[in-house]
Structures are given as C-alpha cells and as structure tokens.
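The next block holds one structure in the form of structure tokens; read it before the comments.
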Amino acid sequence: MGNSDETQMIDDESVGIDAAVWEETADELLADSPYDPKLGKEMSRDAVRVSTGRMTEAEFHEKYHDAVLEEFGVDDRPIDTGDDDE
C-alpha cells in the first residue's frame, strides 16, 4: 500500500484540532472496522491533504488505487481525468 511513512502525523492547522487528538479519534473509529485500519488512517490523512490543496485528487487516486483494489476488490471512486469523452 504505497510508500507512506507510518509515523506520519496530521498537522494541527490542517484539521483544526490537536494532531494527537486526531490520531486517537481515528484509531477509535477504525478499531471496529472489518477493513484494514492502517489503510483507512492513511487515506484519511491524505484526504485532509486533498481538502487543503496539498495533494490533488488525481494524486490521491493514483496513490491508493492498488490498495483499494486489494482491500475491496473494486475501485469505483470517481475521479476527474479531464477527459470529457468518458
């Protein structure tokens, strides 16, 4: 699943809350998930980066495409490729 740093934290200013609180909340929310909590946490970190403009949707999609396929068997996430023919 990508080459992200497992110790990577969310910046306080990106989410508007203390990074440690965010980490704890993410861990609690993902603890009961039947899916890979590490993938969920990494994707949520990068979703914040997309929302703050530090990562594009295309970069996000590319980074997680293989992991989403592996975890869910399909990747139906919509992505704007800029190609109006699709």
Side-chain angles (χ1 to χ4, degrees):
M1 162 188 35
N3 55 4
S4 65
D5 179 5
E6 291 184 57
T7 62
Q8 169 186 30
M9 296 279 290
I10 271 293
D11 324 350
D12 294 351
E13 68 272 6
S14 293
V15 293
I17 62 171
D18 179 85
V21 171
W22 183 89
E23 289 283 330
E24 183 177 330
T25 302
D27 287 338
E28 289 172 5
L29 290 171
L30 296 167
D32 295 329
S33 173
Y35 301 107
D36 181 1
K38 181 180 169 192
L39 174 61
K41 200 168 177 182
E42 288 181 16
M43 288 182 76
S44 68
R45 282 187 187 111
D46 283 337
V48 171
R49 289 181 178 90
V50 170
S51 73
T52 61
R54 295 185 354 221
M55 175 182 261
T56 68
E57 287 185 42
E59 290 169 329
F60 181 87
H61 187 276
E62 176 66 26
K63 181 174 181 177
Y64 292 106
H65 177 71
D66 291 338
V68 167
L69 281 176
E70 184 177 322
E71 185 70 17
F72 303 105
V74 66
D75 186 357
D76 286 338
R77 296 174 298 149
I79 183 71
D80 180 12
T81 62
D83 185 3
D84 291 335
D85 293 336
E86 291 182 31

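This is a predicted model, so every value here is computed, not measured.
The side-chain heavy atoms of Val68 and Met43, taken from C-beta on, include a pair separated by under 4.5 Å. Side-chain contact check for Asp46 versus Tyr64: some heavy-atom pair is nearer than 4.5 Å. Within the 4.5 Å cutoff, the side chain of Phe60 has no heavy atoms near those of the Arg49 side chain.
Partners of Glu59 according to the side-chain contact (heavy atoms from CB on, under 4.5 Å) rule, which considers only residues two or more places apart in sequence or in another chain, are Met55, Thr56. Evaluation of the salt bridge (charged side-chain N to carboxylate O under 4.0 Å, His left out) rule for Asp27 yields Lys41 as partners, not counting sequence neighbours. Qualifying side-chain contact (heavy atoms from CB on, under 4.5 Å) partners for Glu24, counting only residues two or more places apart in sequence or in other chains: Glu28.
The hydrophobic cluster containing Leu30 does not contain Phe72, counting ILVMFWY residues as joined when their side-chain heavy atoms lie under 4.5 angstrom apart, directly or transitively.
Ion pairing between a basic and an acidic side chain is recognised when a charged N comes within 4.0 Å of a carboxylate O; Glu71 and Lys38 show no such pairing.
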